[in-house]
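For clarity, every value in this text was computed on a predicted model and none was experimentally measured. One is the number of the first residue; the rest follow in order along the sequence.
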Amino acid sequence: MKTILPLILLVILVTGCSTTSEPLVIDTPMRVGMTREELRAKFGPPLRIERSNDGAENWYYNFGTQSTSPTTFTETTQTPHEKTVTYGVSYGKSLSYSEAAVKLSPLGKIETVPPGKVVLP
C-alpha cells in the first residue's frame, strides 16, 4: 500500500496539470475611433503591425465567429428483463477565425474594423 499511494498521487498530479487551451473569444467589440492605447488595453498586443509611409498602421488580430449547435441522440439498452431508452441533447461548439487588419489612422485612432469578434490564442 505504501508504494501504491505515491504512484496514485503522481498520476493525480500529472493529470491535474494537463490542460488544453482553447482560443478565447472576446465579446467586447472594437469600434471606430478607439485609440491605439485603448485597443492594446482591451485586446492585448496585435499579432503583428504593418506601418505605412503616411504614419497609418495595420494591427493584425484574429477575428472570427463562434456557434453552438445542438445534436439530439437516442440510446437503447436492452436486458432480458427490461428495455431502457435514453433521449438527450448534446451541444457542440465551433469556432472559425482568421487574421485580419485593424486600420489605425496616422493619429492612432481606429478607422476600420473587420467583421467578427477578436479571438485570442
Engineer: Could you check whether atom NZ of K103 has more than 12 heavy atoms from other residues, nucleotides or ligands sitting under 6.0 Å from it?
Structural biologist: yes

Engineer: When rounded to the nearest 0.5 angstrom, what is the spacing between CD in E37 and NZ in K42?
Structural biologist: 13.0 Å

Engineer: Could you report the tightest heavy-atom contact between S105 and E111, atom names first, then the distance?
Structural biologist: CB-OE2, 3.1 Å

Engineer: Do you know the tightest heavy-atom contact between A101 and P114?
Structural biologist: O-CG, 3.1 Å

Engineer: Would you tell me whether Q66 and Y97 have side-chain atoms, one donor and one acceptor, within less than 3.5 Å of each other?
Structural biologist: no

Engineer: Can you list, pair by pair, the side-chain donor-acceptor contacts under 3.5 Å of residues 80-96, counting residues two or more places apart and other chains?
Structural biologist:
unit_1, atom_1, unit_2, atom_2, d
S94, OG, S67, OG, 2.8

Engineer: Just how far is it from atom CD of E22 to atom CG of L24, taken to the nearest 0.5 Å?
Structural biologist: 10.0 Å

Engineer: Of all heavy-atom pairs between M34 and L39, which one has the smallest distance, and what is that distance?
Structural biologist: CE-N, 4.1 Å

Engineer: Please determine whether residues L107 and I110 belong to a single hydrophobic cluster, defined as Ile, Leu, Val, Met, Phe, Trp and Tyr linked transitively by side-chain heavy-atom distances below 4.5 Å.
Structural biologist: no

Engineer: Regarding E99 and R48, does a basic nitrogen lie under 4.0 Å from an acidic carboxylate oxygen?
Structural biologist: yes

Engineer: Are V102 and V119 co-members of a hydrophobic cluster defined by side-chain heavy atoms under 4.5 Å apart?
Structural biologist: no

Engineer: Is there a side chain to side chain contact (heavy atoms under 4.5 Å, CB included) between E50 and Y60? Walk through the geometry before answering.
Structural biologist: CA-CA 8 Å; E50 291 180 354; Y60 288 85; 3.1 Å; yes

Engineer: What are the two closest non-hydrogen atoms of R40 and P46, and how far apart are they?
Structural biologist: NH1-CD, 4.1 Å

Engineer: Atom OG1 in T28, atom CZ in F43: separation rounded to 0.5 Å?
Structural biologist: 6.0 Å

Engineer: Is the ring pair F63/Y61 parallel, tilted or perpendicular, if the boundaries are 30 and 60 degrees?
Structural biologist: perpendicular

Engineer: What are the two closest heavy atoms between L104 and G108, and how far apart are they?
Structural biologist: CD2-O, 3.9 Å

Engineer: To the closest 0.5 Å, what do you measure between CG (N62) and CG (L47)?
Structural biologist: 5.0 Å

Engineer: Indicate if M30 and I26 have the same hydrophobic cluster label, given that clusters are the connected sets of ILVMFWY residues with side-chain heavy-atom separations under 4.5 angstrom.
Structural biologist: yes

